[in-house]
Structures are given as C-alpha cells and as structure tokens.
Trainee: 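Mind looking over this structure? Questions follow.
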Amino acid sequence: MAETVAVGVPPLVARLLERADTFEISLEAFDEVLKKTPGLLLLFFTEDPVRYRETLDLAVIAPELLATSAEPMRLGVLLPEAARALQPRYGFRRWPAFVLLRDGKYLGAIDGMRPWDEYQLEMARLQRATPSRPPSIGVTVRSADGHDEHCH
C-alpha cells in the first residue's frame, strides 16, 4: 500500500493506491519490483485522464479484474511518466493499458477500453499463457544501401 500519493494523481487512481493489493511502481524501482513480486502482477499503465479519459474507466475496472481473477493477483500502478518510459518495453499501442506478468515474465497486454466480457475472457486466457517475449515496438532502420529493415 502506498504511503503517500503524488500531487496531481486523479482521485480514482489515488483510491486504487490505497488498496492493500495495489502499489505504485516508479521507473527507478521497476526492474527490482519485478524481481521481488512472485505470482501474477497486473501492471496498470496510466495516462493523463484529460488526454485519455479511459484512464479513469480502467481505474474502476482494475479492482474488478483482481476480484474475479482465478488466482491471487497484485496491481502495480505506473503513473504517466513511468508508464510512458516503460511502454516501449511492452509494445502496446493504445492508452491506457494493462500488462499481465507472472513472476516478472510477460504474459500479455490488454490496451484501451474494452467491453467487460472481453476483459474477462482475455484475462483468463493470459493467466493460462506461457510467458513470452513482449512485442516491443519495432523500429524501422534504413541500411546504408537505402533498404528499410524492421527490427525489434
């Protein structure tokens, strides 16, 4: 549970951070948190709710995902600065997003706002998934001879 909530955090996100099964993850602590958090960890990549109104919707949905999970799961909240810095690592395309990890390893992502039944189906599928390499955002690289290559 977070001891203090940063100024400017939307009330619905701040309320999440008051839960015992939820904590904020800073950019600096991210890798260490992944190493020390066993089991399922749902990462909530927040964004500015003025630009991405769905951030507040996902703040309401997140506790429901924890409550309906087939196994215990914790929620790590990444506020916008950390979320933007770490988004390329997980390659999701829409904001805000959830990323599910097991023992710090990637299981999958659910980005943007979805119908509730899609969240339930996708979370159940991800919980059964084998950890894999995240689909980081590819970068087009132009070789010296002018050909484009896509690498990731």
Side-chain angles (χ1 to χ4, degrees), residues 1-139 152:
M1 183 159 97
E3 291 177 15
T4 60
V5 176
V7 174
V9 174
L12 287 172
V13 175
R15 191 173 313 149
L16 269 181
L17 293 171
E18 294 171 357
R19 295 173 49 107
D21 55 3
T22 302
F23 56 96
E24 180 183 345
I25 307 175
S26 70
L27 178 58
E28 299 76 24
F30 187 76
D31 290 321
E32 193 62 30
V33 167
L34 294 191
K35 290 178 193 173
K36 292 182 176 183
T37 306
L40 289 177
L41 175 61
L42 184 63
L43 300 176
F44 177 22
F45 283 75
T46 68
E47 240 308 349
D48 176 0
V50 173
R51 292 180 54 210
Y52 295 91
R53 292 185 182 141
E54 295 87 357
T55 296
L56 300 180
D57 295 325
L58 267 62
V60 172
I61 290 168
E64 298 302 318
L65 293 175
L66 297 179
T68 59
S69 177
E71 59 186 283
M73 180 168 38
R74 298 200 61 205
L75 179 65
V77 177
L78 292 104
L79 297 178
E81 184 178 335
R84 287 183 209 119
L86 290 163
Q87 183 268 343
R89 184 184 291 197
Y90 295 105
F92 59 84
R93 305 248 182 241
R94 294 182 349 189
W95 290 91
F98 293 120
V99 171
L100 187 62
L101 308 174
R102 180 182 305 283
D103 301 326
K105 296 180 176 79
Y106 179 81
L107 296 174
I110 306 172
D111 58 0
M113 186 64 194
R114 312 273 178 108
W116 175 245
D117 61 333
E118 272 188 48
Y119 283 111
Q120 291 181 301
L121 291 170
E122 191 62 10
M123 287 298 294
R125 184 189 72 76
L126 292 177
Q127 287 182 13
R128 294 186 308 271
T130 302
S132 64
R133 181 176 178 266
S136 60
I137 294 177
V139 177
H152 55 284

Trainee: With a sphere of 6.0 Å drawn around CZ of Arg53, does it hold more than 12 non-hydrogen atoms of other residues, nucleotides or ligands?
Mentor: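 No - once you tally the heavy atoms of other residues, nucleotides and ligands closer than 6.0 Å, there are 12 at most.
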Trainee: Indicate yes or no: at least one non-hydrogen side-chain atom of Val99 is less than 4.5 angstrom from one of Ile110.
Mentor: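 Side chain of Val99 against side chain of Ile110, heavy atoms only: no contact under 4.5 Å found.
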Trainee: Under 4.0 Å between a side-chain nitrogen and a carboxylate oxygen: does that hold for Arg19 and Asp21?
Mentor: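 Yes.
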Trainee: With a 4.5 Å cut-off on side-chain heavy atoms, are Tyr119 and Met113 touching?
Mentor: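 When only atoms from C-beta onward are counted, Tyr119 and Met113 do touch, with a gap below 4.5 Å.
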Trainee: Going from CZ on Arg128 to CZ on Arg125, what distance comes out if it is rounded to the nearest 0.5 angstrom?
Mentor: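 Taking CZ in Arg128 and CZ in Arg125, the distance rounds to 8.5 Å.
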Trainee: Counting only heavy atoms not in Gln120, do more than 12 sit closer than 6.0 Å to its CD atom?
Mentor: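 It does: Gln120 CD has more than 12 such atoms within range.
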Trainee: Mind listing the closest non-hydrogen atom pair of Val33 and Thr37 along with its distance?
Mentor: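 Looking at all heavy atoms of both residues, the closest pair is O-OG1, 2.7 Å.
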Trainee: Testing the basics here: between Pro63 and Leu16, what is the closest heavy-atom pair and its distance to 0.1 Å?
Mentor: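 Answer, listing the atom of Pro63 first, then Leu16: CG-CD2, 3.5 Å.
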Trainee: Carefully, step by step, assess Asp111 and Tyr90 under the rule side-chain contact (heavy atoms from CB on, under 4.5 Å).
Mentor: CA-CA 11 Å; Asp111 58 0; Tyr90 295 105; over 6 Å; no
Trainee: Does Arg89 form a salt bridge (charged side-chain N to carboxylate O under 4.0 Å, His left out) with Asp31? I'd like the steps, not just the answer.
Mentor: CA-CA 12 Å; Arg89 184 184 291 197; Asp31 290 321; 2.7 Å; yes
Trainee: Tell me whether Ser26 contacts the main-chain N or O of Ala29 through its side chain, where contact means a donor paired with an acceptor under 3.5 Å.
Mentor: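 Flag set: sc Ser26 to bb Ala29 pair under 3.5 Å.
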Trainee: Of all the heavy-atom pairs spanning Val13 and Val77, show the shortest one and how long it is.
Mentor: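 That would be CG1-CG1, 4.0 Å.
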Trainee: Is the distance between the ring centroids of Phe45 and Phe98 under 6.0 Å?
Mentor: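 Here the rings of Phe45 and Phe98 have centres that are no less than 6.0 Å from each other.
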Trainee: Check Leu126 against Ala109 and note the closest heavy-atom contact, atom names and distance.
Mentor: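 Where Leu126 meets Ala109 most closely, the heavy atoms are CD1-N, 4.2 Å.
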Trainee: In sequence, state the C-alpha distance, the side-chain angles, and the governing distance for Arg15 and Glu18, and then conclude on salt bridge (charged side-chain N to carboxylate O under 4.0 Å, His left out).
Mentor: CA-CA 5 Å; Arg15 191 173 313 149; Glu18 294 171 357; 5.8 Å; no
Trainee: Compare all side-chain heavy atoms of Leu56 with those of Pro49 and state whether any distance is below 4.5 angstrom.
Mentor: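 When only atoms from C-beta onward are counted, Pro49 and Leu56 do touch, with a gap below 4.5 Å.
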Trainee: If every non-hydrogen atom of Leu40 is compared with every non-hydrogen atom of Pro72, which pair is closest and at what distance?
Mentor: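 Looking at all heavy atoms of both residues, the shortest contact is CB-O, 3.7 Å.
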Trainee: Is there a side-chain contact between Tyr52 and Asp57, using heavy atoms and a 4.5 Å cut-off?
Mentor: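 Not touching, per the 4.5 Å side-chain cut-off.
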Trainee: Go through the steps to decide whether Arg102 and Leu41 satisfy the test side-chain contact (heavy atoms from CB on, under 4.5 Å), and finish with yes or no.
Mentor: CA-CA 6 Å; Arg102 180 182 305 283; Leu41 175 61; over 6 Å; no
Trainee: When rounded to the nearest 0.5 angstrom, what distance separates CG in Leu65 from CG in Leu100?
Mentor: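 If we round to the nearest 0.5 Å, Leu65:CG and Leu100:CG are 9.5 Å apart.
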Trainee: Kindly indicate whether the side chain of Arg74, heavy atoms from C-beta on, has any atom under 4.5 Å from the side chain of Leu66.
Mentor: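 Of all side-chain heavy-atom pairs linking Leu66 with Arg74, none is under 4.5 Å.
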Trainee: Do the non-hydrogen side-chain atoms of Pro131 and Tyr106 ever get within less than 4.5 Å of each other?
Mentor: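 Answer no - side chains too far apart.
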Trainee: Contact between Leu17 and Phe23 at the side-chain level, heavy atoms closer than 4.5 Å - yes or no?
Mentor: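 No, side chains not in contact.
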Trainee: Just so I know, are the side chains of Leu101 and Leu107 near enough to count as touching, which here means a heavy-atom distance under 4.5 Å?
Mentor: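 No - every pair of side-chain heavy atoms lies 4.5 Å or more apart.
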Trainee: Can a salt bridge be assigned to the pair Arg114 and Glu54 using a cut-off of 4.0 Å between side-chain N and carboxylate O?
Mentor: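 Answer for the salt bridge query: no.
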